[in-house]
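Notes for the one structure printed next.
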Amino acid sequence: MLLTDTSILENVQIISESTSKGTMCIRGRFQMAETPNNNKRVYSQELLEREAGRLVEAYKARRLMGELDHPTHDHVSLQNVSHLVTNLKMQGKEMIGEAELLPTPAGQVAQALLKGGVQLGISSRGLGSTRQEGSTTMVEDDFQLICF
């Protein structure tokens, strides 16, 4: 099942901007472990640590792309790419991410919104199953993160 979880991009910082390349690099909290998110789903810390580790090769090779908005499909559409995830690491229960907002049309929109003071959201998109524990939906260990 496709799992899309949306939250506000917390503690976002603009790390750098390149006028010659048209890019902007940002850092912020992409995901939180052991805490219900806006979709009332809980990801274990072990699961997020595993997925951050699994994606190291993809982001180091500059292949971990994401889209503007919150698509409902399980693949990244290249025509809608806005950013490239360049780092993911766990700091306690927080998954801290870094991304390069690209000079694509969607990336330029994201850059303009940030410069305009808009508080952007971020979505994780992945495949996996869930189980109910009372009013909480727990994400199972078969989850595989596709992108942010």
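Atom CD of Q119 and atom CG of L114 lie 10.0 Å apart (nearest 0.5 Å). Here E49 contributes atom CD and S44 contributes atom OG; the two are 8.5 Å apart, rounded to the nearest 0.5 Å. In this structure, L88 CG and R54 CZ are separated by 10.5 Å, a value rounded to the nearest 0.5 Å. Atom CG of L64 and atom NE2 of H83 lie 7.5 Å apart (nearest 0.5 Å).
The backbone N or O of N39 lies less than 3.5 Å from a partner atom in the side chain of N37, making a donor-acceptor pair. In terms of modelled atom types and a separation under 3.5 Å, the side chain of Q45 and the main chain of G92 share a donor-acceptor contact. The backbone N or O of L68 sits less than 3.5 Å from a side-chain atom of S82, completing a donor-acceptor pair. Looking at T136, its side chain never comes within 3.5 Å of a backbone N or O of G134 through a donor-acceptor pair.
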Original post:
L47 and R50: side chain to side chain contact (heavy atoms under 4.5 Å, CB included), yes or no, with the steps?
Top reply: CA-CA 5 Å; L47 179 59; R50 183 194 76 203; 3.0 Å; yes
Original post:
Should Q13 and I26 be marked as a side chain to side chain contact (heavy atoms under 4.5 Å, CB included) after you check the CA-CA gap, both sets of side-chain angles, and the distance that decides it?
Top reply: CA-CA 5 Å; Q13 301 168 338; I26 62 168; over 6 Å; no
**OP:** Decide yes or no on side chain to side chain contact (heavy atoms under 4.5 Å, CB included) for T86 and Y59, but give the supporting numbers first.
**Re:** CA-CA 5 Å; T86 57; Y59 68 71; 5.6 Å; no
Return all side-chain donor-acceptor pairs below 3.5 angstrom for residues 141-148, not counting sequence neighbours, or 'none' if the list is empty.
from: D142; atom 1: OD1; to: S129; atom 2: N; distance (Å): 3.0
from: D142; atom 1: OD1; to: S129; atom 2: OG; distance (Å): 3.0
from: D142; atom 1: OD2; to: S129; atom 2: OG; distance (Å): 2.9

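Annotation: salt bridge (charged side-chain N to carboxylate O under 4.0 Å, His left out) contacts involving residues 118-139, sequence neighbours excluded, comprise E67-R125, R131-E133, R131-E140. Annotation: salt bridge (charged side-chain N to carboxylate O under 4.0 Å, His left out) contacts involving residues 107-117, sequence neighbours excluded, comprise E17-K115.
Within a 6.0 Å radius of CD in E57, other residues, nucleotides and ligands contribute 12 heavy atoms or fewer. For E34, the CD atom counts as densely surrounded, since its 6.0 Å shell holds more than 12 non-hydrogen atoms of other residues, nucleotides or ligands.
Across all their heavy atoms, G22 and P103 have their closest contact at O-CB, 3.5 Å. Minimum heavy-atom separation, L101 to G107: CB-O, 4.3 Å. Nearest heavy atom pair, residue A99 against residue F30, reads CB-CZ, 4.3 Å.
Between M1 and the choices L127, D74, T130, the side chain to side chain contact (heavy atoms under 4.5 Å, CB included) rule is met once, by T130. Screening K89, R29, R27 against E98 for a salt bridge (charged side-chain N to carboxylate O under 4.0 Å, His left out) leaves a single residue, R27.
Linking ILVMFWY side-chain heavy atoms closer than 4.5 Å, directly or via other members, places I14 and I96 in two distinct hydrophobic clusters. By the rule that hydrophobic residues join a cluster once side-chain heavy atoms approach within less than 4.5 Å of another member, V12 and V85 end up as members of one cluster. Linking Ile, Leu, Val, Met, Phe, Trp and Tyr residues whenever their side-chain heavy atoms come within less than 4.5 Å places Y43 and M90 in a single cluster.
V42 forms part of a hydrophobic cluster together with M138, judged by ILVMFWY side-chain heavy-atom separations under 4.5 Å. Summarising the hydrophobic clusters (Ile, Leu, Val, Met, Phe, Trp, Tyr; side-chain heavy atoms under 4.5 Å, direct or chained), the residues clustered with L78 are M65, V76, V81, L84, L102.
Residues that satisfy the side chain to side chain contact (heavy atoms under 4.5 Å, CB included) test with A112, not counting sequence neighbours, are absent from this structure.
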